Amino acid sequence: MSTDDVARTAPAISLRGVAKSFDGGTLALRGCDVDIEVGEFVAIVGASGSGKSTLLNILGTLDRPDRGEYLLLGRRLGELPERELCRLRKETFSFVFQESHVLREETAARNAALGLRVQGVPRRERPGAVTRGLARVGLGHRWSTRGRHLSGGERQRLAFARAASTGAPILLADEPTGNLDSRNSEELIHQLKQLNAEGTTVVVVTHDERVAAAARRRIRIEDGEVREDDPHSTPTRPVPNLRTDPLSRGPGRARWDPLDDVSDAVSSATSRIVRSAMVVLAFALGVAGLTASVGLSESAAAQVSQRISAAALDEITVTAAGDPTTQHEFFARTAQIRDDLNRLEGVRGSGVSATLSSQECSVTVLPPQSVPGQSRFRGELVAADGAWLGLQGAVESVPGAVAAFDAATVRGRPAVLVGEGAARTLGLDRVTAGQQLWIDGRRVEVVGAIRSAARAPGLGDAVVVNFASLAGRAGLSPVLLVRTEDGYPAALRSAIPLVLNPAQPGAYTVALTADLRSLHRGVSADLADLVRVVSWALLLFSGLGAASAMYLAVQSRSAEIALRRALGASRPSIARIFLLEGAVLGLGGGLLGSALGVAAVVVYCLLQRWTAVLSPELVWWGTGIGAGVGIAAAVYPALAAATGSIAERIRG
Ligand code: ADP
Ligand code: MG
């Protein structure tokens, strides 16, 4: 006999000595022999816990027996690989369970088409089948209604339509009326009978006497054994739809349609909107951090190098090498030195400054002796002359402040200029002449305020005193700033020590700001590295958060996964759904994050008056990273979804 001859005469399904036990030692089936002929309508009945569902799952290849044989149209399934089993399920079986497992957020039409999508029925052929399927269960008018808006009875009819639309030759149902009232039960029984009359082999597990009565044959299970089988019922008519060997059938017209997967992923992401929003937000924060850190460090680096380049062109600093005595002499001589330097060709001007930390010197608003507990100024304290302020491009809040500062200096009177930022931290609402500060316990007159300084950022947050305010103070390290014509610093560098002290040129250190450039680059690169490490860590954490959210989603979609697998979806195709969903969410998060990151850079640079440095690739880069992290975060959830037993998932 050829395989086709066997297929023509063999029962649809034969089980021989099938046994199944579960962890914990339950022997659910103990050696069952069951033959189901093509075209039959069989009811499997028995007490609860007798093994009916276990038998049905094995019949539907949702579970494998521990012992015994399964023959489909006379062909042994044996150890058929999982991939082949999927194809078999897809082409041979459809299922209706007690729970309808209708996807709540999907329309009735999409729900009804689920089997067709898994089968790979071409897109244009689906609407016809779906319309017929919905019409036969009386849901023709409900095709656009979401699952959650359907009544329990309608959902179960939809589940029936989903099964019937696939055209599978064998329908397996487990307590399909278990949750239905009598009117809906009658309706479903009618549908089962009609489907059987059209040629579909129907096997239904049931408690419901009316369902059992509708079947032509009854198999009673007790304690995992077939106790009663009415062998007289045979199908009343020849049935055409399961007479070719399902194992030797070619791949047929089924084709994987990537658009289906994408639409599944998008629909799943958009139907669980709050969860998706959280996941997208997690990705967005991670990507925004990264984009902002890259953008900011590039903008900052550009800013620093711009500033240093400008300084390199026209700036020299002179300091005295060595001990406090030399420093003191140097300071005492600065007036003379400045005169000497200002006469050199290429020198535009010079000025003196010295910086003190707030530890070295106390600045208070009230006399420290009479108000001991008051807070001290914590910012930068700069001692300078008016020339230095001019060279740094200091901008006064009210014109005349620097002139007043100079005038006081000439007369040897202590004077202080307050940066606007420093004034705020000191609690001086408005700086007016006649106010005073206490510097190291000495009263110093406030002569005005400074808004900013083009060449000395940070001066707006500092307190600037003249040297008269610090008279008698030891340990100052004055720095002489020399502003030159553009391009002169290098030439002047060797000339200056000789001018200052021909006998001992080594007494002074002359530095070009250009020397700082490489140092500064190094520092900002280190800083950028640090920020980047932190950002990647942030991205990692947001990915982990998203992964756990997706894992929970997999858990909550267990029934849907089981349903898809029962309809014949392969493990890889299940994994693909979750990976794609991860990619979709990651992509969304990446786009949003890039936008947020870019916005942060732009706003920060505006506030700092920097030029924002943003390469257009940054957005693509951020989006790509978002998608990548999305996929990575979905790997474990996808694996969890793809593995695991179908029967277990159906049980819930
Ligand atoms: P029925 O559908 O007739 O109510 P089942 O086939 O669901 O019965 O279960 C038969 C027996 O096997 C029961 O004792 C049940 O507890 C046990 N059983 C079924 N599935 C599992 C499982 N996955 N793990 C452990 N025990 C199970
Ligand atoms: Mg059961």
Side-chain angles (χ1 to χ4, degrees), residues 13 15-34 36 41-70 82 85 89 93-101 152 155-156 159-160 163 170-180 185 188-189 192 202-215 217-230 554-566 571 640-652:
I13 300 172
L15 299 187
R16 287 288 169 271
V18 161
K20 176 77 184 173
S21 58
F22 291 105
D23 318 336
T26 318
L27 202 55
L29 295 178
R30 348 167 155 243
C32 294
D33 294 341
V34 175
I36 290 164
F41 186 164
V42 183
I44 298 175
V45 297
S48 171
S50 54
K52 305 183 297 295
S53 294
T54 306
L55 180 61
L56 194 87
N57 288 342
I58 288 177
L59 287 173
T61 72
L62 303 183
D63 214 350
R64 290 180 194 260
D66 299 335
R67 260 191 311 111
E69 272 185 355
Y70 185 126
E82 179 63 30
L85 271 187
R89 273 201 291 275
F93 299 110
S94 60
F95 296 87
V96 178
F97 300 101
Q98 178 167 357
E99 304 293 333
S100 61
H101 297 318
R155 274 182 221 170
Q156 194 63 330
F160 181 86
I170 303 178
L171 177 93
L172 301 172
D174 193 349
E175 310 273 13
T177 61
N179 291 341
L180 298 183
S185 296
L188 196 87
I189 292 167
L192 290 171
V202 175
V203 181
V204 52
V205 162
T206 191
H207 264 120
D208 188 335
E209 189 44 46
R210 283 165 306 177
V211 179
R217 175 181 163 202
R218 198 181 286 227
I219 297 175
R220 176 169 302 279
I221 305 282
E222 265 172 45
D223 273 344
E225 284 179 280
V226 177
R227 275 294 151 77
E228 198 184 310
D229 190 349
D230 167 14
V554 166
Q555 302 302 87
S556 72
R557 288 168 69 183
S558 200
E560 177 196 337
I561 294 166
L563 187 71
R564 287 176 183 269
R565 296 272 287 128
R571 291 185 196 279
T643 52
S645 131
I646 308 175
E648 294 283 344
R649 284 197 192 276
I650 291 281
R651 287 183 86 83

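Numbers here simply count residues along the sequence, with the first being 1. A quick note: this is a predicted structure, and the numbers were derived from the prediction, not measured. Counting starts at 1 for both ligands and their atoms, following the listed order.
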Enquirer: Verify the distance criterion only: is there a donor paired with an acceptor across the side chains of Ser21 and Asp66 at less than 3.5 Å?
Expert: yes

Enquirer: Which bit of Thr54 is near ligand 1, meaning a heavy atom under 4.0 Å away: side chain, backbone, both or neither?
Expert: both

Enquirer: I'd like to know whether CZ of Arg67 has more than 12 heavy-atom contacts from other residues, nucleotides or ligands below 6.0 angstrom.
Expert: no

Enquirer: Suppose we measure from atom 17 (C) of ligand 1 to each protein heavy atom; which comes out shortest, and what is that distance?
Expert: Thr26 CG2, 3.8 Å

Enquirer: Measure across Pro176 and Gln156 and return the closest heavy-atom pair with its distance rounded to 0.1 Å.
Expert: O-NE2, 2.7 Å

Enquirer: Specify the protein heavy atom at minimum distance from atom 10 (C) of ligand 1: its residue, its atom name, and the distance to 0.1 Å.
Expert: Gly49 O, 3.5 Å

Enquirer: Ala641 and Ile561: which non-hydrogen atoms are nearest, and at how many Å?
Expert: O-CG2, 3.5 Å

Enquirer: Where do Arg571 and Ala642 come nearest, in terms of heavy atoms and distance?
Expert: NH1-O, 2.8 Å

Enquirer: Would you say Ala47 contacts ligand 1, with heavy atoms under 4.0 Å as the rule?
Expert: yes

Enquirer: Tell me the protein heavy atom at minimum distance from atom 2 (O) of ligand 1, and give that distance in Å.
Expert: Ser53 OG, 2.8 Å

Enquirer: How far is atom 27 (C) of ligand 1 from its nearest protein heavy atom, and which residue and atom name does that atom have?
Expert: Phe22 CD1, 3.2 Å

Enquirer: Distance under 4.0 Å to a non-hydrogen atom of Glu648: what atoms of ligand 1 satisfy this?
Expert: 23 (N)

Enquirer: Only one of Val203, Leu15, Val18 clears side-chain contact (heavy atoms from CB on, under 4.5 Å) with Leu55; which?
Expert: Leu15

Enquirer: Nearest heavy-atom pair of Ser558 and Arg649: which atoms, and what distance?
Expert: OG-NH1, 2.9 Å

Enquirer: Could you identify the single nearest non-hydrogen protein atom to atom 7 (O) of ligand 1 and state the distance to 0.1 Å?
Expert: Arg651 NH1, 3.0 Å

Enquirer: Examine Asp23 against ligand 1 and note whether any of their N/O atoms are separated by less than 3.5 Å.
Expert: no

Enquirer: Verify the distance test for Ser53 against the Mg ion (ligand 2): any N/O/S atom under 2.8 Å, yes or no.
Expert: yes

Enquirer: I want to know if ligand 1 touches Gly51 in the polar sense, i.e. an N/O pair below 3.5 angstrom.
Expert: yes

Enquirer: Which heavy atom of the protein is the closest neighbour of atom 12 (O) of ligand 1, given with residue, atom name and distance?
Expert: Ala28 CB, 3.5 Å

Enquirer: For Gly46 and Ser50, work out which heavy atoms get closest and say how close.
Expert: C-OG, 3.7 Å

Enquirer: Does the residue Gly46 have a heavy-atom contact with ligand 1, meaning some pair of atoms that are separated by less than 4.0 Å?
Expert: no

Enquirer: So, for Gly60 and Phe95, which heavy atoms are closest and what is the spacing to 0.1 Å?
Expert: O-CZ, 3.5 Å

